[in-house]
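Take a look at the structure below.
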Amino acid sequence: MRIEDAQKTIQAQQKELELQQHLHSNTESLVHVNSTQELLDIIFKKLSLVFSFDDIGLFEIREDGWHRDIAVDDFEYSTTANKMKKVGLTGYLPPDEALLASMDRVKITNFKELIEKYESHPHFPYLWEAGHREFISAPMQYAGNTFGVFMLWSKTEGNFKESDIPLFTKINELVSVTLANILSKRETQQERNFKEKLLTISNDIAHINNRNQLFKTMYDTIRTIFPFDTAGLFLIDDEQDVFYELLEEGALDEIQDEVANAELLGPFPYSGQHKEAMIYVKETTVFDIEKQSKIYPNPQWAIMKKHGLKEMIAGPLRFGNKKQGFFCFTSKTNNRFSKNDFPLFKAIGEQLAVALNNVLANEQVLEEKQKTENLLNITESIANINTGPELVHAIFDRLQKVFPFHEAGLFHLDWENNQERDLVVDYSYETNMAFDDLKAQGLYQWMPMHALSQFISEKGPMMMHTDDMYKQFDHTPFPNIKE
């Protein structure tokens, strides 16, 4: 018995020595690792000397449950990972029960039993197709926080033993510390990049004066910083309770070109739509375009889906405390946008809102300036008018440019004789605007003064809908105005 005990002691010591040697070897290898690519490369090369495995899972899991498999995103030598990349299964994915169940302790899991118990993680079909049947996993922790899961996959059931757990636990601790340092450095660099990106956008936006410059900045500057396939910028008109898309003539991509050419920029009704419609977005949100097209009908969806757009990230445009519109970036691939993008997208929205407000203010100034110039031209023209036909010409040739309208009436009121005449109709032949139908009915020259004319002369200026005019005044002098 003593000899057997001694042999067992020697074997245990040898195993412990091998464990220490493996740990020492892996520790030395991991000390100088600076990237996830290097980490994955070492795991494959070094751990294959200790464990028999076929693939790796290295999940970074955020506090909200969104996660990504670094072994898929950052490794180029896995056939299975490359298949997932081709179908867009990269980046942060939604919370998953099966993955969260692997965070409680170090354990060996039968893959088939896991799939039967939980809804399938989007990666599972590809892993199963590759022949993987079990994995050993451990929660990755650093400074008391669990931030991920480390897995080794095997195509052979029973490949991993309980006796492997102590060594795997130690190696997982090394991997956890190394990955935590890499992610910390990356986060620091990302914060630096974030500030640099915002500075670049701010510098460009500071020089925006018109719509063309605004859209050029969105597509030339912002798209290089925040990749998207196409963008939408929408304004809300509270008075009319509508919204419309703001788009410079000659859009910057084929999808927007088609929307503009089809005259599908609005206005569209704003109130009364489905409560989950993206037009009511209050905070940055990712929307599925197919789902949105079902709950909120809009003619733009058909064009978007035809061009393969699948999802959008959208948020409000606020100036001060008021939501003046909303904007969105779209993608032809699923899962391009995630909560990780929200801070930058929100910051871009804040910059765009300021730029948009400046553009609209500049446009209003230019519009008022143009109106003033037109009015001056009209004043100069009218000052030299000597005949009725010249006056009618001035109304249609000059005044119409300032105040867009379809038809006009110019009534001469004779209060003493209680009669009126429409000079536009009377001078129509001389101005090449013949009102034959009105003249055939005798509605020209002097006629009895109408109650509508009296009402406008006493209460005007005013705006009135033609339907209201017909309801309020029975014998309108415009019997064909509805046509």
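- Remark: E63 CD is loosely packed, at most 12 non-hydrogen atoms of other residues, nucleotides or ligands lying under 6.0 Å away.
- In this structure, CG on D238 lies 8.0 Å from OH on Y270, to the nearest 0.5 angstrom.
- Evaluated for a ring pair (Phe, Tyr, Trp, His ring centres under 6.0 Å) with F228, the options F329, F327, F337 yield exactly one hit, F329.
- Atom CD1 in I279 sits 9.0 Å away from atom CD in Q292 (nearest 0.5 Å).
- Side-chain contact annotation: E60 with Y92, donor-acceptor N/O pair under 3.5 Å present.
- For residues 271-280, the set of pairs meeting the side chain to side chain donor-acceptor pair (under 3.5 Å) definition, not counting sequence neighbours, comprises D241-S271.
- Within the 4.5 Å cutoff, the side chain of L93 has heavy atoms near those of the H123 side chain.
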Exercise for review: Could you check V177 against Y142 for side chain to side chain contact (heavy atoms under 4.5 Å, CB included), going step by step and ending with a plain yes or no?
Suggested key: CA-CA 6 Å; V177 172; Y142 183 74; 4.2 Å; yes

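- Under the 4.5 Å side-chain criterion, counting only non-hydrogen atoms from C-beta, M84 is not in contact with T90.
- Nearest approach of A231 to M218, heavy atoms of both residues: CB-CE, 3.7 Å.
- Between Y244 and F234, the distance separating the two ring centers is not shorter than 6.0 angstrom.
- Contact record, P316 with K282: CG-O, 3.2 Å, taken as the closest heavy-atom pair.
- Screening H307, M312, K310 against T330 for a side-chain contact (heavy atoms from CB on, under 4.5 Å) leaves a single residue, M312.
- Within the 4.5 Å cutoff, side-chain heavy atoms of F160 are placed close to those of F53.
- Geometrically, R133 does not engage W153 in a cation-pi contact, judged by NZ or CZ lying under 6.0 Å from the ring centre and within 45° of the ring axis.
- With rounding to the nearest 0.5 angstrom, the CG atom of L309 is 9.5 Å from the SG atom of C328.
- Not one N or O on the side chain of E134 forms a donor-acceptor pair closer than 3.5 Å with the backbone of I108.
- Residues passing the ring pair (Phe, Tyr, Trp, His ring centres under 6.0 Å) test with Y126: none are found, sequence neighbours excluded.
- Side-chain atoms of R68 and F59, non-hydrogen and from C-beta on, never get closer than 4.5 Å to each other.
- To the nearest 0.5 Å, atoms CG (L235) and CG (L356) are separated by 5.0 Å.
- Applying the side chain to side chain donor-acceptor pair (under 3.5 Å) test to T146 and every residue at least two apart in sequence or in another chain returns Q141.
- The structure places CD1 of I136 at 12.0 Å from OG of S102, a figure rounded to the nearest 0.5 Å.
- Between A353 and F319, the shortest heavy-atom contact is O-CD1, 4.1 Å.
- Side chains of L39 and L58 form a contact here, defined as non-hydrogen atoms less than 4.5 Å apart.
- The closest side-chain heavy-atom distance from P95 to W66 is below 4.5 Å.
- Comment: E290 engages K305 in a salt bridge, judged by a side-chain N to carboxylate O separation of less than 4.0 angstrom.
- Atom OG in S293 sits 13.5 Å away from atom CZ in F287 (nearest 0.5 Å).
- Side-chain polar atoms of T230 and Y219 form a donor-acceptor pair below 3.5 angstrom.
- Evaluation of the salt bridge (Lys or Arg N to Asp or Glu O under 4.0 Å) test over residues 331-358, restricted to residues two or more places apart or in two chains, returns D229-R336.
- Residues A130 and K155 come closest through the heavy atom pair O-CE, 3.1 Å.
- The salt bridge (Lys or Arg N to Asp or Glu O under 4.0 Å) pairs that include a residue from residues 81-102 are E76-K85, where partners are two or more places apart or lie in different chains.
- At least one side-chain heavy atom of I222 sits under 4.5 Å from a side-chain heavy atom of L352.
- For the residue pair S137 and M151, the shortest heavy atom distance occurs at CB-CG, 3.7 Å.
- Across F342 and V286, no two heavy atoms sit closer than the pair CE1-CG2, 3.8 Å.
- In this structure, F51 and N159 have side chains that are not in contact, with every pair of non-hydrogen atoms separated by 4.5 Å or more.
- A search for ring pair (Phe, Tyr, Trp, His ring centres under 6.0 Å) contacts involving F124 returns F111, H121, not counting sequence neighbours.
- Ring centroid separation for the pair F243 and F326 comes in under the 6.0 Å cut-off.
- Side chain of N110 to main chain of K112: a donor-acceptor pair is present (N/O by atom type, distance under 3.5 Å, no hydrogens or angles).
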